[in-house]
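Just so you know, ligand 1 is whichever comes first in the structure, and atom 1 is the first atom listed for that ligand. The residues of the chain are indexed from 1 along the displayed sequence.
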Amino acid sequence: MLAQMISEELARILSLKEDEVERLLEIPPQETLGDLAFPCFTLAKTKRKAPPFIAAELEAAFLEHKEVTAKATGGYVNFFFHRETVAGQLFQEMKSNQYWQPNSGDGKRVVIDMSSPNIAKPFGIGHLRSTIIGHALYHLLKKTGYDPIRVNHLGDWGTQFWKQIAAYQRWGGDVDLKQNPIASFLELYVRFHEEAEKDESLEDEGREWFKKLEEGDEEADRLWTYFVKESLNEFDRMYNRLGVEFDYVLGESFYNDQMAPVVKELQEKGLLTCSEGALVVPLEDADLPPCLIVKSDGTSIYATRDLATAIYRHHVQKGEKLLYVVGGEQTLHFKQVFHVLKKMGYKWADPCEHITFGLLRLDGKKMSTRRGRVVMLEDVLNDVVAHAKAKIKEKHPNHPHLHEVAEAVGVGAVIFGDLKQDRRLDVNFRLEDALSFEGETGPYVQYTYARIQSILRKGDKLNDSRHMDWQHVTKDEGWSLLKVLIQYPNVLIKATEAREPHQLARYVLTVSKKFNQFYHKYVILADDETVRQARLILAERTGEVSADAMAVLGVKTPEEL
Ligand code: ARG
């Protein structure tokens with residue numbers, strides 16, 4: 001917003017476009033150097049003048065400006081805004097639609113593949129990241145004017161199923177399916193793997209079940225449906241706690257009848273080659289290993305299914321952009337799939353994106369389902385929430401909504417702990433750190449927000465903000481906070497375009513930090529009415545931005561902590 005106040009003038013003087021000027025403007029590393037800086041180095045060539053010379057000219061051109069003072073320093077012009085003059089305008093801007101809903105998406109439809117856990121396996125903490133990151137991206141896209149849809153691509157087809165059915169047939173009676181369906185499915189799965197190492201016929205039994213499923217065998221179908229239903233029940237419990245919804249839940253099996261047409265199309269386009277009895281699409285041109293399309297036993301595989309899925313998402317769901325929020329270990333798979341789509345002549349394959357992320361470790365431990373070492377997400381959440389409850393109780397022994405707030409803080413700590421750093425990095429989740437009310441955590445932001453709400457409850461703030469004496473909020477810490485607040489729409493757009501929710505998470509941490517600095521230096525609930533009112537407005541805006549940003553990240557902000 002500050003940039004817009006000078007970009008028109010700068011553009012006119014320099015005969016540049018306004019957006020070019022805005023791209024060049026920088027925020028100086030230290031606030032004492034000014035509010036904005038304009039580097040003149042790139043202009044030196046076209047203007048055939050030395051950068052300090054251009055800077056001096058600009059300083060002179062802004063001499064009469066009412067809102068800003070320009071100061072040439074070397075090859076830079078540093079701009080100092082007349083705080084009290086512009087503050088009212090800035091607060092006004094913060095009420096506009098463009099501030100809360102900056103449009104950069106123009107209604108473009110984006111299909112987000114997110115969460116996508118596997119049926120009859122526990123919702124492990126591994127799928128949690130996809131859910132959390134996908135959800136944040138969904139809200140970011142929505143907020144910035146895109147038309148995103150969320151698709152849960154359930155893993156409801158594939159070898160693990162048939163193995164599970166086979167195991168169920170053999171040992172189903174040994175486990176407690178009624179009370180604990182998923183844990184039992186897992187037990188059966190693990191047992192299958194253990195016993196298959198001793199007895200090879202088990203694998204054949206699994207394949208036998210696959211055949212039956214494909215042929216529509218009644219018993220096979222009944223078991224499959226049962227597994228799907230029980231798993232979805234459990235997943236839904238997790239989604240509820242995380243506050244996540246989907247526009248479509250379409251499992252891999254949904255594409256069963258679209259596999260043969262894809263293979264046919266690949267054939268017709270001359271892309272398939274026979275290799276050791278299997279059909280593949282060679283991808284040497286892209287320096288990739290061949291993409292396996294049909295296995296030697298005639299069954300189709302993961303990649304083929306993703307080809308059918310992508311075509312469906314583009315043609316039926318009208319996705320102009322397809323995003324896949326899936327762990328980094330599937331990078332090769334998506335490279336291959338996107339490349340095959342390109343070879344099929346689909347221009348829309350270009351903007352397909354694999355949104356990768358690193359591993360999530362719990363106190364240093366990696367998760368694996370195969371060996372039964374999986375950590376059940378529900379146990380993790382329960383644990384975090386129990387700790388949150390104990391901490392809140394310490395601070396606030398008679399909290400009226402203890403349970404609800406502990407859930408918000410506990411779940412929020414997990415979500416924020418994931419989103420606060422670049423998604424490509426591994427996350428090591430340490431319960432104690434993530435739940436701390438100080439430092440870079442969700443609970444810290446929640447705590448700051450609750451502090452603001454408590455101040456507002458006591459402050460009897462007036463409605464009108466037009467005739468304010470802004471000098472009470474535009475000195476050092478106040479000005480510094482206000483400048484961060486007006487960055488909000490820019491941060492939303494940048495985080496969306498880079499697919500980096502952490503930019504928003506870091507931003508909201510900065511907002512909290514700056515607010516607390518202001519709060520510790522100035523009395524907000526001052527006796528003087530004009531002082532109090534101006535400060536209350538700053539506090540109120542801070543609370544609004546914090547809650548809004550946290551909601552985009554998927555974290556709740558209780559009014560009282
Ligand atoms: N179910 C898969 C897994 O757990 C993830 C699916 C990701 N989405 C996709 N379209 N391949 O590994």
Side-chain angles (χ1 to χ4, degrees), residues 110-135 137-138 148-164 182 185-186 189 224 227-228 231-232 234-235 238-239 244 246-256 258-259 262 291-293 300-317 319 321-341 346 348-349 351-360 366-370 374-377 423 499:
V110 183
V111 179
I112 311 173
D113 184 312
M114 54 180 273
S115 198
S116 310
N118 300 318
I119 293 295
K121 286 197 192 168
F123 192 110
I125 196 130
H127 288 107
L128 176 66
R129 293 209 73 190
S130 169
T131 312
I132 290 176
I133 296 166
H135 190 231
L137 287 175
Y138 167 79
I149 55 175
R150 299 155 289 189
V151 184
N152 193 349
H153 188 69
L154 285 181
D156 62 356
W157 206 253
T159 17
Q160 93 267 8
F161 254 110
W162 325 325
K163 289 177 185 173
Q164 251 147 349
I182 302 245
F185 292 151
L186 179 66
Y189 186 67
W224 178 79
F227 283 8
V228 172
S231 306
L232 272 177
E234 180 144 341
F235 298 160
M238 292 302 102
Y239 294 137
V244 172
F246 296 93
D247 301 295
Y248 297 95
V249 179
L250 295 177
E252 292 186 21
S253 66
F254 176 79
Y255 303 94
N256 279 349
Q258 294 162 53
M259 306 290 274
V262 171
C291 184
L292 187 55
I293 300 295
S300 59
I301 59 153
Y302 193 47
T304 325
R305 216 163 274 277
D306 260 326
L307 292 174
T309 307
I311 292 169
Y312 180 85
R313 287 181 184 164
H314 180 75
H315 288 302
V316 183
Q317 296 183 314
K321 233 179 203 309
L322 311 185
L323 306 189
Y324 296 81
V325 188
V326 184
E329 67 283 356
Q330 295 194 26
T331 300
L332 175 61
H333 165 74
F334 284 108
K335 273 192 185 160
Q336 290 177 309
V337 168
F338 297 163
H339 211 77
V340 173
L341 287 169
Y346 293 128
W348 49 264
C352 282
E353 283 175 56
H354 175 203
I355 311 289
T356 65
F357 52 83
L359 293 172
L360 177 63
K366 204 181 135 182
M367 262 58 70
S368 149
T369 326
R370 176 84 45 101
V374 72
V375 179
M376 301 271 189
L377 176 57
R423 61 179 159 77
R499 324 283 187 233

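Residue V326 approaches ligand 1 through these ligand atoms, each under 4.0 Å from one of its heavy atoms: 7 (C), 8 (N). Taking every heavy atom of Y324 and a limit of under 4.0 angstrom, the matching atoms of ligand 1 come to 10 (N). Short contacts between ligand 1 and H127, defined as distances under 4.0 Å to a heavy atom of the residue, involve ligand atoms 3 (C), 4 (O). Listed by atom number, the atoms of ligand 1 under 4.0 Å from D113 heavy atoms are 7 (C), 8 (N), 9 (C), 10 (N). Listed by number with element, the atoms of ligand 1 under 4.0 Å from a non-hydrogen atom of H153 are 8 (N), 9 (C), 10 (N).
Residue pairs that meet the salt bridge (charged side-chain N to carboxylate O under 4.0 Å, His left out) test with at least one member in residues 331-340, sequence neighbours left out, do not exist here.
Under 4.0 angstrom from ligand 1, there are no non-hydrogen atoms of T309. Residue contacts with ligand 1 for F334 involve side-chain atoms from C-beta outward but no N, CA, C or O (heavy atoms, distance under 4.0 Å). Proximity of L154 to ligand 1, defined as any heavy-atom pair under 4.0 Å, is not found for any part of the residue.
Residue Y302 has at least one nitrogen or oxygen atom sitting less than 3.5 Å from a nitrogen or oxygen atom of ligand 1, judged on distance alone.
Defined by atom type and a distance below 3.5 Å, a donor-acceptor pair is missing between the side-chain atoms of Y324 and S116.
Q330 NE2, 2.9 Å is the protein heavy atom nearest to atom 12 (O) of ligand 1. Summary of contacts: the protein heavy atom closest to atom 1 (N) of ligand 1 is N118 OD1, 2.8 Å.
Using bins of under 30°, 30° to 60° and over 60° for the plane-to-plane angle, the ring pair Y255/Y312 lands in the perpendicular bin. Ring planes of Y138 and H135: parallel class, angle under 30° (limits at 30 and 60°).
Applying the salt bridge (Lys or Arg N to Asp or Glu O under 4.0 Å) rule to R423 yields no partners; only residues at least two apart in sequence or on another chain are considered.
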